[in-house]
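Written out below as structure tokens is the structure these notes cover.
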Amino acid sequence: MANTVVVGTQWGDEGKGKIVDLLSEHADSVVRFQGGNNAGHTMVVNGKEIISHLIPSGIIQQKKCYIGNGVVVDPFVLLDEIDYLTGNNIDVSPEMLGISNRAHIIMPYHQEIDKAREEKKGKNKIGTTGRGIGPSYEDKATRRGIRFCDLLDLDLFKEKVRSIMEEKNFYLKHYFKTETLDPELVIDQFMKIRERLIPYITDVSVALFDSINQGETVLFEGAQGTHLDIEHGTYPFVTSSSTVSGNAANGSGVGPGQLNEIIGIVKAYTTRVGAGPFPTELFDDIGDKIQKTGAEFGATTGRKRRCGWLDLVVLRNAARLNSLTGLAITKLDVLDDLDELKICTGYEFDGKTIENFPPEIKVLEKCTPIYETHPGWKENTSGITEYEKLPKKAKAYLDRIVELSGVAIKIVSVGPGREATIIKESIF
């Protein structure tokens, strides 16, 4: 398998965890390149559900895993996840997991600011998970962040915490009118976990460079989805990092010439968690049926996902932004019982047809989907493992996705387990 990037094409929750788990078997190492513990990947292994938030899904396959410099890391959540996976008989020792020395740390004050900010916004909140992701990326951009390499110099770490928290406490007290944090207690919290973290800290860029030069293959694991990208998504209802494939290089420290295959994960319908525009959202019994059949709840937050028809304006946008070389369609089986399906081929706005995804939120909120209708196949697809054995109408639905997106389908998922997968075109 060539070096492969896996990205979500919608608003996240497309099923990247399963596909990364599947592809990890054929890779030598797996690296996460953006986001934080606001993302969650769910894998089902031998009937057991395993959820990861920071550690790449490849750890399930016992591949060497890395957390890249583009990720912001809550070290307390990370250690809890290490303990959780270890409790499931998965080796998460420093020999199996490396954390970039350049990755930024989510500090306790980031979480307090995140929660206070959302509360202050009231009904205008953007739906952040409150885990400190955004404030951590803010500090990274303003050169006020604390990185894992800072933990190696104890005096520097303490100095930075005390200096930065003077500003953060002023902000918490005088703007948000909320409780402040004691910098000495924050330092003490880190002193209790520092020795446990240090063995995991490494130069991920160098490790990946050496691995690739030795002929090994790397799988780049994205989090969230293209339309939550800070640059290209439904701003401001986006995440705080770049989720597209181009950031796989920057967020892991490899050159872009090392990225060979880019697989876009597409749910057979569309979902979204939290606030923000969603043109094809369904508010009827069909939307409820899809939500219940698909068990659409966020892996990280547990929030109920909004459900709607497949949006090809969204998918075409993702295909262009990511230079997709293939698609993996997930949850096709969720649509098995529907009498008919709809695909959004464009938007109508102010009497005109829009075929490209608009940047203006107010325009997007007023867009009406232009649908074409397809007959449902009304057959159980969950036990099918060969593409040719899919119902004729299901294949017609998939063929139309290829035609409208301009990208070939390589994988079709018809259930949560590894075995519920159809390999249409091998990328291994």
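Every value quoted in this text rests on a predicted model; they were computed, and no experiment measured them. Numbering starts at 1 and runs along the sequence shown.
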Charged N to carboxylate O under 4.0 angstrom, R400 versus E372?
yes
Ion pair present between R196 and D83, side-chain N to carboxylate O less than 4.0 angstrom?
yes
After noting the C-alpha distance and the side-chain angles of M165 and M107, does the key distance pass the side chain to side chain contact (heavy atoms under 4.5 Å, CB included) rule?
CA-CA 10 Å; M165 285 193 65; M107 301 295 290; over 6 Å; no
Is a donor from one side chain sitting under 3.5 angstrom from an acceptor on the other, for H104 and D139?
no
Electrostatic pair E388-K395, nearest N-O below 4.0 angstrom:
yes
Tell me, which pairs form a side-chain hydrogen bond (donor to acceptor under 3.5 Å, both in side chains) where one or both residues lie in residues 61-74, sequence neighbours left out?
D74-Q111
Once the angle between the rings of F278 and W11 is folded into 0 to 90°, is it parallel (under 30°), tilted (30 to 60°) or perpendicular (over 60°)?
tilted
Between CZ on residue F209 and OG on residue S252, distance to nearest 0.5 Å
13.0 Å
Within a 6.0 Å radius of atom CZ on R117, are there more than 12 heavy atoms belonging to other residues, nucleotides or ligands?
yes
dist S413:OG -> D333:CG (nearest 0.5 Å) comes out at 6.5 Å
With a 3.5 Å distance limit and no angle check, can you tell me whether D336 reaches the backbone of T381 through a side-chain donor-acceptor pair?
yes
State plainly whether the residues R272 and D13 are in salt-bridge range, i.e. N to O under 4.0 Å.
no
With E159, which residues qualify under salt bridge (Lys or Arg N to Asp or Glu O under 4.0 Å), at least two apart?
none
Got a sec: does the NZ of K366 have more than 12 other heavy atoms crowding it under 6.0 Å?
no
Sequence neighbours left out, what pairs pass side-chain hydrogen bond (donor to acceptor under 3.5 Å, both in side chains) with at least one residue falling in residues 351-365?
none
Treating Q34 as the side-chain partner and G70 as the backbone partner, does any N or O pair qualify as donor plus acceptor under 3.5 Å?
no
Interatomic distance, CD1@I384 vs OG1@T421, rounded to 0.5 Å, equals 13.0 Å
Does atom CZ (F176) have a neighbourhood of more than 12 heavy atoms from anything else shown, all under 6.0 Å?
yes
